[in-house]
Amino acid sequence: MPDVRCPMCGKPNPDEAETCQFCQARLKPVSADSESAAGGESAPDWLSRLRVQGGPTPGGTRELSGDSEIPSEEEASDWLARIRSKATDDGPAPAGDTAPPEDPLGRGRAAEPAKPVPAFAQPAGDEPAHAESTPGTEPTSGEEDPEWLKRLRARRSVETPAGATPAPSFPAPQTPSKGLPPDWMHTPREETAPGSPPVLAAAAPSGESAAPSWLRDVQPTPPAAPPPAAAPPASAAAFASEDEELRGAYSEKEIPDWLATARDEATTVEQPAPAGEPAAPIETPPLEELLAPGVLPEWLTAGPPSTPSTVEAPFQGEGLEEAVLPPWLRAMRPVEGPIAVKGAATEAEERVESAGPLAGLRGVLPPKVEVEVGRHPPVLPSLLEIQPTHAAHAELLQRIVSTPESRAVPRARRRAQSRPWGGLAVSLILVAAMLVPWLTQTSVFARPSVVAVETLQTANIVNALPLDRPLLLAVDYEAAASAELEAAALAVVDHVMTVGAPIATVSTRPVGAALAGRLIARTRSAHPQYVSGVNYFPLGYLPAGPIGLRAFAADPWLAVFGQVQPAGWEPAMTSALHASSNFSAIIVLASEPTVLQTWIEQVHTAVPDVPIIAVVSAAAEPLVRPYYESAFPSLQGMVVGLAGAEAYECLNATDPSTGRCGRPGVADPMWDAFGMAVLASVLIILVGGVASLVRRGLSSMRKASHE
Amino acid sequence: MRIKVSVIVAILTGTIMLLGYFIPGAFFAVVRDVMLRSGMLVGTVALLLGVGNLLQVHLRKIREQRPGHLYSIFLVISLFTVFAVVVLFGPAHTYSVWIVSEIQRPLEIGLMGLLATILLLAGVRLLFRRQTLGTLIFFLTAFLVLLGTAPLPFISLPFLEGLRNWIVQVPAVAGARGIILGIALGATATGLRVLLGYDQPYER
Amino acid sequence: MSDVATAALGFFLTVAILSYVLGDNVLFRVAAHLLIGVTAGYLAAVAWQSVLWPQLFGRMLNLGAWLDAALWIPLIMVLMMIGRSTPRLSVLGSLPMAFLVGLAAAVAVGGALTGTLIPQVAATAVSLSPVRQASGGMVFFDLEGALSNIIILIGTVTTLAYFHFGARPRAGQAPARPAWVAPLARVGEIFLAVAFGALYAGALAASLTALIDRVAFLQQIIGRLLP
């Protein structure tokens with residue numbers, strides 16, 4: 001026993017069920033007596049055919065089949081005659097798009113070739129003549145629902161086989177609204193304003209060339225009708241009127257004759273295909289003829305735009321100029337594709353509801369909407385009408401884009417530098433310069449004879465350090481600067497350990513603790529009396545930069561350890577570490593000027609009596625020196641770079657026989673290589689400067705000679 | 001105007017800290033202490049979140065096998081390894097110091113050494129491309145400072161050292177002082193904009 | 001790890017980094033990514049081991065520590081910061097960030113005012129008189145000092161004038177600084193060129209020192225390998 005799908009919830013139900021077992025929706029129309037609902041008139045042939053052919057599909061709708069219901073010649077001629085007379089009586093038809101016969105919403109091309117069906121509602125006088133061929137579409141009066149709707153529901157109970165042409169969803173009112181021509185007879189929306197002559201909804205397929213006489217009579221001027229692909233949608237004017245018109249039309253209890261023969265007419269009417277335009281296959285809709293103009297709102301009857309060539313359809317409105325699209329805009333309109341002007345309804349639009357409260361309507365969304373989540377909308381191609389100039393420009397662009405250079409795909413591996421030879425040459429020169437002293441084992445560079453004032457002051461401060469208060473050593477440089485700063489720091493720390501002052505180390509860098517440990521480990525070899533917790537206190541890492549330093553200035557111990565007490569530390573020194581004013585001096589090892597600036601701003605301002613000594617890289621010296629070269633200096637001493645380290649090492653002791661520092665540290669072995677490297681750098685800059693001057697002179701000479 | 005809670009927090013925090021610079025007292029000192037220590041902890045968590053973001057980016061790169069994901073494998077493995085070693089043994093342990101001394105230090109010093117080549121190349125290119133008074137003064141200064149920093153072979157020219165010292169102590173200090181003052185003024189203005197609520201960098 | 005293995009590792013890493021002079025290559029990229037990983041791992045480990053555990057999460061195990069506002073206030077803010085990583089709780093992260101930014105701004109403003117602006121302005125406003133008095137009361141003539149002070153004063157003022165970007169549009173002409181600022185800015189440009197020249201020389205010297213360190217290391221390794 002075939003199951004019937006509920007139109008509301010989509011679940012299968014037994015065939016004989018009246019209501020859905022799951023959601024209680026009605027599966028079959030309330031009134032099944034189509035003849036009585038039709039007011040005693042026999043159902044027209046096409047409706048009878050629909051009843052026989054169609055039935056609800058499993059989805060609750062009836063798919064439009066490829067077969068069109070072709071009204072008989074007699075029926076077609078009758079309703080066409082009525083249209084003709086109606087057009088004469090009612091005056092110019094309102095603007096609007098005519099719908100393809102099978103498309104009540106006037107949105108697309110007919111699924112099958114079909115003849116256009118005039119959408120004019122037949123005059124009241126002609127209706128009785130069509131009563132026999134018209135399905136019982138008369139509206140009832142005195143009920144809540146229009147009679148036509150009830151009749152349709154009753155007729156919908158007849159299931160159509162798959163592929164059969166569906167019955168019309170609902171009958172159109174018999175009388176169109178005043179002055180509104182059939183939708184499908186109108187030109188497409190973009191080209192027409194209200195009052196434009198109606199254009200047939202769908203051009204006839206190839207083979208149908210001439211428009212019927214009635215059609216020509218209706219249309220004041222033969223329009224350049226759109227092709228079938230751009231079949232005019234249901235006339236906006238036809239469906240523009242309110243529902244009252246629909247109901248009012250049926251209050252007359254008349255069945256328009258043209259409704260009865262609409263499908264037959266559609267197969268016999270020939271659409272005037274505009275010259276050069278592809279003819280559109282038209283499928284005679286079962287209900288289009290039921291839809292009188294002005295019944296449905298305009299948006300339902302909005303049709304697809306026509307092709308550019310149909311823009312030239314003459315406009316017949318009153319006092320309104322025809323809209324003429326510029327060529328460039330016309331060229332942008334798609335000829336084919338999903339957004340092109342459509343003459344046929346899509347599958348969803350052609351689906352006719354056969355059960356439920358929406359029975360008879362077309363294009364209703366299915367009850368279960370499958371929403372695709374998370375997918376990008378498909379990119380659908382559209383065929384545009386390309387002008388020759390546009391094609392030429394596109395070809396030029398394509399040629400430009402497709403050149404091999406632009407087609408280069410970025411590779412994961414970067415390409416080598418365009419000119420590596422310059423860097424390689426400079427590197428080789430520098431390395432060779434550095435290796436010369438080591439390879440020749442010669443020392444041709446004199447040690448600094450004059451020690452800078454700031455270096456002397458540093459040595460004086462260290463010499464005067466008290467032994468009962470710790471010295472704070474801030475190791476605030478990165479590992480990259482350790483080659484240069486370790487040379488200076490080792491010399492200074494060696495001096496401090498020689499003096500015997502306790503040392504506390506701290507760092508605002510995560511690697512500072514390890515670098516501090518490295519420093520102490522290297523100098524402790526010469527000073528084994530330094531023991532952690534006795535005269536060496538590693539305070540560790542101080543986070544958050546200036547915030548941490550501000551907290552450190554207030555209470556160093558709390559800032560570093562919090563409430564933790566390292567085990568085995570000497571209590572007197574530990575208590576001294578609770579106030580930054582207890583430090584005998586602060587030596588900041590920094591590779592960047594901002595680090596030293598932060599120490600000055602946050603710590604020195606809190607404890608201005610504690611002298612600060614800066615051991616900085618040569619790169620930081622220019623921006624650090626203003627703090628020293630001042631009437632109110634924030635720094636009391638400086639040791640700068642490798643030169644300062646060499647000078648400091650020589651301060652400790654100088655061997656009078658060799659002239660070298662008597663207590664060589666890390667800086668002294670590097671001094672000769674440093675001298676050679678600096679000399680090589682100076683020569684490179686000099687050569688570069690001379691070459692640039694020569695080049696400039698040559699270019700100016702060439703310019704002068706040209707002139 | 002709707003005032004956000006975060007703006008109020010920022011302004012209130014900044015005001016209390018600034019007042020502590022000018023108003024001595026135990027109350028402000030205690031409040032400032034709590035605020036500073038809280039700020040240190042929050043700043044540390046921000047650091048960790050940054051590392052977490054770095055890890056997330058590279059793990060995604062590995063998962064999606066984007067170009068260069070093999071290098072990201074090196075990064076992730078080294079990150080986790082070093083983290084495990086330092087957390088297990090402590091930052092002052094021999095292993096942790098070894099990581100800094102034998103892995104991090106050679107790599108960073110090597111990068112710093114490359115800078116010499118790049119600086120010289122850039123200098124020569126600048127000489128070729130832009131020959132103005134400023135460029136001339138720039139290179140003349142660099143030339144004299146370099147010559148005065150390192151001695152000359154076989155000969156000794158003390159006046160070079162004196163000239164170098166004068167350059168770095170007088171005109172260079174003047175220019176640097178102007179730069180430092182400009183930076184300080186900018187920092188003050190930026191800080192005041194935050195404290196007055198005009199800038200809200202903490203809002204997404 | 002043995003010295004040989006350590007030396008070999010250092011040799012490989014140094015060569016990998018210095019190979020950049022030949023252009024970007026696989027070795028350099030491996031070394032660079034290794035550096036980033038090691039640095040990030042060390043940073044995270046020190047942040048946890050030295051700060052977060054002993055001062056926050058480790059203290060939570062001690063009930064008495066909960067009386068300290070410096071525990072539960074940062075704890076709440078830390079939790080809100082961590083919630084910032086999740087989309088649903090990201091709105092909570094703005095409060096601790098606002099706290100941190102407000103704190104940092106106040107610290108920066110206070111430090112800039114008291115540590116840089118006032119001392120540096122005071123350092124510039126020195127006596128331009130060549131007549132000086134020594135600590136012992138002796139008066140002496142220091143022309144060099146006076147000239148230096150004049151140069152520093154002029155250089156500081158003109159450098160600040162160079163950073164004046166208040167150019168006003170003029171009818172029919174390109175925007176330009178006010179007439180009295182333009183010559184000052186030109187002079188300041190010269191002092192800036194001197195300062196940047198000194199910076200360039202210092203950076204070159206520092207980088208040469210680093211290169212010397214690596215070349216010396218390579219030379220030592222190769223010297224050990226050679227007979």
Side-chain angles (χ1 to χ4, degrees), chain B residues 6 9-10 13-14 17-18 21 34 37-39 41-42 44-45 47-48 51 54 71 74-75 78-79 82-83 86-87 91 102-104 106-107 109-110 112-116 119 134 137-138 141-142 145-146 149 168 170-172 174-178 181-182 184 187-188 191 194-195 202-203, chain C residues 6 10 13-14 17 29 33-35 37-38 40-42 44-47 49 51 56 69-70 73-74 77-78 81 94-103 105-106 108-110 112 116-117 148 151-152 155-156 159-160 163 191-195 197-198 200-201 204 207-208 210-211 213-214:
Chain B
S6 55
V9 167
T13 306
M17 273 306 300
L18 270 182
Y21 277 95
V34 172
R37 287 167 61 196
S38 304
L41 292 168
V42 173
T44 308
V45 170
L47 267 180
L48 279 182
V51 173
L54 174 76
Y71 303 118
F74 279 101
L75 187 148
S78 59
L79 194 152
V82 169
F83 183 82
V86 176
V87 165
E102 307 302 334
I103 298 179
Q104 197 168 346
L107 288 170
I109 294 177
M112 185 81 164
L114 279 176
L115 190 60
L119 281 173
I137 294 173
F138 175 85
T141 306
V145 170
L146 281 172
T149 300
V168 298
V170 181
R177 185 162 283 161
L181 282 171
T188 306
V194 170
L195 294 178
Y202 37 83
E203 288 291 333
Chain C
T6 301
L13 293 175
T14 303
I17 280 289
R29 290 199 159 201
H33 281 75
L34 194 66
L35 173 63
V38 167
Y42 198 89
V46 168
Q49 193 74 359
V51 181
L56 187 65
I73 290 177
M77 283 197 282
V78 163
M81 277 282 288
S94 62
L95 279 178
M97 286 305 295
F99 169 79
L100 196 62
V101 167
L103 197 63
V109 168
T116 299
L117 273 174
S148 299
I151 293 173
I152 289 175
T156 306
T159 304
L160 280 172
F163 289 115
F191 281 95
L192 271 175
V194 172
Y200 176 83
L204 188 58
S207 58
L208 285 173
L211 188 60
D213 180 89
R214 287 296 92 196

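Below, chain A is the first sequence line, B the second, and so on; all start at residue 1.
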Colleague: Which heavy atom of B/A142 sits nearest a heavy atom of C/Y200, and at what distance?
Modeller: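 Between these two residues, the closest heavy atoms are CB-CD2, 3.7 Å.
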
Colleague: If I measure from the heavy atoms of chain C, does B/L54 come under 4.5 Å with its side chain, its backbone, both, or neither?
Modeller: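 For B/L54, the side chain is the part near chain C, not the backbone.
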
Colleague: Does B/V42 reach the side chain of C/M81, with side-chain heavy atoms less than 4.5 Å apart?
Modeller: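 Touching, per the 4.5 Å side-chain cut-off.
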
Colleague: Which one of C/I151, C/V51, C/L103 has the most heavy-atom pairs closer than 4.5 Å to chain B?
Modeller: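 Most pairs with chain B among the choices: C/L103.
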
Colleague: Between B/L41 and C/L56, which heavy-atom pair has the shortest distance, and what is it?
Modeller: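 Taking every non-hydrogen atom into account, CD1-CD1, 4.1 Å.
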
Colleague: Please state whether the side chain, the backbone, both or neither of C/T14 comes within less than 4.5 Å of a heavy atom of chain B.
Modeller: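 For C/T14, the contact with chain B is made by the side chain alone.
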
Colleague: Please find the pair of heavy atoms, one from B/L79 and one from C/A40, that lie closest to each other, and give the distance.
Modeller: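 The pair with the smallest heavy-atom distance is CD1-CB, 3.7 Å.
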
Colleague: So what's closer than 4.5 Å to chain B heavy atoms on C/A108: side chain, backbone, both or neither?
Modeller: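 For C/A108, no heavy atom lies under 4.5 Å from chain B.
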
Colleague: Between C/I17 and B/L114, which heavy-atom pair has the shortest distance, and what is it?
Modeller: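 Taking every non-hydrogen atom into account, O-CD1, 3.4 Å.
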
Colleague: Which atoms form the tightest heavy-atom contact between C/A195 and B/A176, and what is the distance?
Modeller: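 Closest heavy-atom pair between C/A195 and B/A176: CB-N, 4.0 Å.
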
Colleague: Under a 4.5 Å heavy-atom cut-off, does chain C meet the side chain of B/V51, its backbone, both or neither?
Modeller: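 For B/V51, the side chain is the part near chain C, not the backbone.
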
Colleague: Of all of B/L195, B/I103, B/L119, which one pairs up most often with chain C through heavy atoms under 4.5 Å apart?
Modeller: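 Going by pairs under 4.5 Å, I would pick B/L119.
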
Colleague: I'd like to verify something: which residue of B/S78, B/A172, B/G14, B/G191 has the highest number of heavy-atom pairs under 4.5 Å with chain C?
Modeller: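 The answer is B/S78.
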
Colleague: Determine the option with the most heavy-atom pairs under 4.5 angstrom with chain B, choosing from C/L35, C/L160, C/T116.
Modeller: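 Answer, by heavy-atom pair count under 4.5 Å with chain B: C/L35.
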
Colleague: Select one option (side chain, backbone, both, neither) describing which atoms of C/L100 are under 4.5 Å from chain B's heavy atoms.
Modeller: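 Answer is side chain: those atoms of C/L100 sit under 4.5 Å from chain B.
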
Colleague: Look up atom CG in C/L13 and atom CG in B/L107, then write down how far apart they are to the nearest 0.5 Å.
Modeller: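 One finds 4.5 Å between CG of C/L13 and CG of B/L107.
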
Colleague: I need the residue from C/A201, C/G37, C/G110 with the largest number of non-hydrogen atom pairs under 4.5 Å to chain B.
Modeller: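 The option with the most such pairs is C/G37.
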
Colleague: Can you tell me which of C/P96, C/A47, C/G10 forms the most heavy-atom pairs within a distance under 4.5 Å of chain B?
Modeller: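 Maximum pair count with chain B is reached by C/A47.
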
Colleague: Rounded to the nearest 0.5 Å, what separates atom OG1 in B/T149 from atom CG in C/L208?
Modeller: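 Answer for the OG1-CG pair, B/T149 versus C/L208, is 10.5 Å.
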
Colleague: Taking side-chain contact (heavy atoms from CB on, under 4.5 Å) as the definition, give me every residue that meets it alongside B/I109, ordered by chain and number, with sequence neighbours left out.
Modeller: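 side-chain contact (heavy atoms from CB on, under 4.5 Å) list for B/I109, sorted by chain: A/S482, A/A483, B/R105, C/A210, C/D213, C/R214.
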
Colleague: Name the region of B/V87, side chain, backbone, both or neither, that has any atom closer than 4.5 Å to a heavy atom of chain C.
Modeller: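 Contact with chain C is through both the backbone and side chain of B/V87.
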
Colleague: Heavy-atom pairs under 4.5 Å with chain B are the metric here; pick the option from C/A105, C/A198, C/G155, C/A45 that has the most.
Modeller: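 Max contact count across the listed options: C/A45.
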
Colleague: Do the non-hydrogen side-chain atoms of B/L75 and C/L34 ever get within less than 4.5 Å of each other?
Modeller: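 Not in contact.
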
Colleague: My understanding is that only residues two or more places apart in sequence, or in another chain, count here; which of them pass side-chain contact (heavy atoms from CB on, under 4.5 Å) with B/P91?
Modeller: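 If we apply the side-chain contact (heavy atoms from CB on, under 4.5 Å) test to B/P91, skipping adjacent residues, the hits are B/V86, C/Y42, C/V46, C/Q49, C/S50.
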
Colleague: Can you tell me how far the OH atom of B/Y71 sits from the CZ atom of C/R29, to the nearest 0.5 Å?
Modeller: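 Those atoms lie 5.5 Å apart.
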
Colleague: So which of B/V9, B/V145, B/V170, B/V34 has the largest heavy-atom pair count under 4.5 angstrom toward chain C?
Modeller: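 Option with the top pair count is B/V170.
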
Colleague: At a heavy-atom distance under 4.5 Å, which candidate from C/I73, C/T156, C/I152 has the highest pair count against chain B?
Modeller: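 Of the options given, most contacts go to C/T156.
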
Colleague: Considering non-hydrogen atoms only, spot the tightest contact between C/S94 and B/S6 and give its length.
Modeller: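 The pair with the smallest heavy-atom distance is O-CB, 4.0 Å.
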
Colleague: Among B/L47, B/L181, B/T188, single out the residue with the greatest number of heavy-atom pairs under 4.5 Å to chain C.
Modeller: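 Sorted descending by pairs with chain C, the first entry is B/L181.
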
